[in-house]
Q: 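I have a structure here, written as structure tokens, and I will follow up with some questions on it.
Hydrogens, waters and symmetry mates play no part in the numbers below; they use all other heavy atoms, side chains included. Counting starts at 1 for both ligands and their atoms, following the listed order. All values reported here derive from a predicted model rather than from experimental measurement.
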Amino acid sequence: MKKKYLLALDQGTSSSRSVLFDTHGQLIAMDQKEVLPRFPAPGLVEHDPHALWRTQLETAQNVIARAGISTRDILTIGITNQRETLVAWNRLTGEPLCPALVWQDRRTQALCEQLIESGHEALVQARSGLRIDAYFSAGKAKWILDHIPAAKACADAGHLALGTVDSWLLWNLTKGANFATDLTNASRTLLFNIRKNHWDTSLLDLFELKSSYFPEVHPSAHQFGFADPQWLGHPIPITGMAGDQQSALFGQACFKPGMAKNTYGTGCFALMNSGGTFQLSANGLITTLNAQSTLSSPSYAAEGSVFVGGAVVQWLRDGLHAFERSADIEKLARSVPDNGGVTVVPAFSGLGAPYWQPDARGTITGLTRGTTLAHIARAALESIAFQSTALLQAMNRDAQATARAELSELRVDGGASSNNLLMQFQADLLGIPVIRPAVTETTALGAAWLAGLNAGIYSHTDELAELWQTDTCFTPSMTRDEAAGKMAQWEFAVRQACVPQ
Ligand SMILES: Nc1ncnc2c1ncn2[C@@H]1O[C@H](COP(=O)(O)OP(=O)(O)O)[C@@H](O)[C@H]1O
Ligand SMILES: O=P(O)(O)OC[C@H](O)CO
């Protein structure tokens, strides 16, 4: 029988990728184009919506050409994307009304602080599972209506579309036929009630917004429409959409409560499947929706993020010129037996979960006359694992408190997960196996699998769990006492980084 394929479109903060998989989940071909955000002033981070769509389309066209296949053999398309980033466009013309406000943009911080001071945090948490923070889309939506007259005019005329990047891509791919999103993306706006799965009137009122500005919300595996034949030569169905971190959790086959993944990219994003009961964290994490095929029985994940993960490696590479390529850090770090007592806390823009210390600043402590660049590189690499461990231990504390399953293994992906020294140290600190899968493009794989589920290529997630394969398993080799000693040293350094500078 002729081979058939699934196409995943993965629109990220710094690049657009398209990945072609066969129906067994094997990666056949991939194409990637850089699409960097602009930083027009301190704290502002914007994307050109046209550039997001153009690069995404080009990579899709390129990957099909590279694989030398007929588009008729692509059974379905799945979309996954940077989350929270908000695009505003005119539904009549399809034209963006302003730059996309990126998840890292902090322009709505003062608004968020005001809302917290006015005592709204508890309501927001109870309904959206999130904290009031500039990271999420709601404040961005209000900012656009308050500051972009064309957006306000469109809103008044009933033509305003406010959507996350998935809905912007879907709109373009279907030439304006479909204005929709999936529930994982909706769950990152701070306007979506994740207990009842609908846009929440109280949350919309809080930000002076209307549900009519926002797309229809569907399950992540759903018939979202067809790609216009002008783009890929054939009306391929689009049957999966999910935010990138939830898509990675799905692509890592973490279908059961207690299963977790950590993505080691520029930052790190850890998600643990926490099952069907809505619970708020007592340990600084947020609650979000898992990618799923139904709206009727929500399934949740606990999430935490490390702001500076692989970015500390970039800082050593580009800021300190310590080495040429990110991968070179492993050789440098291995050239010394240990960190020589050095601890690096890369709190370049504060510390995220579970610390939530926006004013913390980076430190290097424990320096002696014998400290070399190699010790600093080793400590910098270790900082990625220390921060991730603090997050994952917080997830375990939440799980213990509510009699849920704790973490028994960690599945990993993202650029820095290729670093064996880092992965071994991660296993040592956590005291559980750290597993790197055969396909590390798990974000794209998750979107392809979601699309495949709705398209009937797969009948159940059990089938997908069978397809998921291990590449390398890192088993812990440190005693628990030694690991606890190292974590205590790290926490001491974190406290120093939190002292006002
Ligand atoms: N071998 C490696 N060791 C440590 N860090 C690495 C390695 N390879 C890549 N990185 C880091 O991983 C990040 C890139 O990973 P990627 O998953 O592409 O990130 P993103 O999706 O956030 O752009 C960069 O910060 C880079 O410094
Ligand atoms: O673009 P990425 O891969 O860094 O992911 C961004 C996250 O979705 C932000 O929440």
Q: Under a plain distance cut-off of 3.5 Å, with no hydrogens placed, do Asp413 and Thr442 share a side-chain donor-acceptor pair?
A: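 Note: Thr442 and Asp413 side chains meet the donor-acceptor criterion.
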Q: Answer yes or no for Arg17: is there a heavy-atom contact with ligand 1 below 4.0 Å?
A: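 Within the 4.0 Å threshold, so yes.
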Q: Which bit of Arg188 is near ligand 2, meaning a heavy atom under 4.0 Å away: side chain, backbone, both or neither?
A: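 Arg188 to ligand 2: no contact under 4.0 Å from either part.
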Q: Hey, is Glu382 close enough to Lys486 for a salt bridge, meaning N to O under 4.0 Å?
A: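 Salt bridge: no.
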Q: Does any N/O atom on Arg83 come nearer than 3.5 Å to any N/O atom on ligand 2?
A: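 Indeed, backbone or side chain, Arg83 has an N or O that close.
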Q: What's the shortest distance from atom 4 (O) of ligand 2 to any protein heavy atom, and which residue and atom give it?
A: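 In this structure, atom 4 (O) of ligand 2 has Thr13 OG1, 3.5 Å as its nearest protein heavy atom.
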Q: Considering only heavy atoms, does Met423 approach ligand 1 within less than 4.0 Å through its side chain, its backbone, both, or neither?
A: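 It is neither; nothing of Met423 touches ligand 1.
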Q: Name the one of Thr288, Thr184, Asn185, Thr80 that satisfies side-chain hydrogen bond (donor to acceptor under 3.5 Å, both in side chains) with Gln246?
A: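 Running side-chain hydrogen bond (donor to acceptor under 3.5 Å, both in side chains) over Thr288, Thr184, Asn185, Thr80 with Gln246 returns exactly one hit, Thr288.
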Q: Which bit of Asp244 is near ligand 2, meaning a heavy atom under 4.0 Å away: side chain, backbone, both or neither?
A: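 For Asp244, only side-chain atoms sit under 4.0 Å from ligand 2.
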Q: Among protein heavy atoms, which lies nearest atom 9 (C) of ligand 2, and at what distance?
A: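 Nearest protein contact, heavy atoms only, for atom 9 (C) of ligand 2 is Glu84 OE1, 3.3 Å.
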Q: Any idea which part of Ser14 is under 4.0 Å from ligand 1, heavy-atom wise: side chain, backbone, both or neither?
A: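 Side chain only; the backbone of Ser14 stays clear of ligand 1.
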Q: May I ask you to decide if Tyr300's main-chain N or O and Ser274's side chain share a donor-acceptor pair within less than 3.5 Å?
A: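 Judged by distance alone, yes, a pair lies under 3.5 Å.
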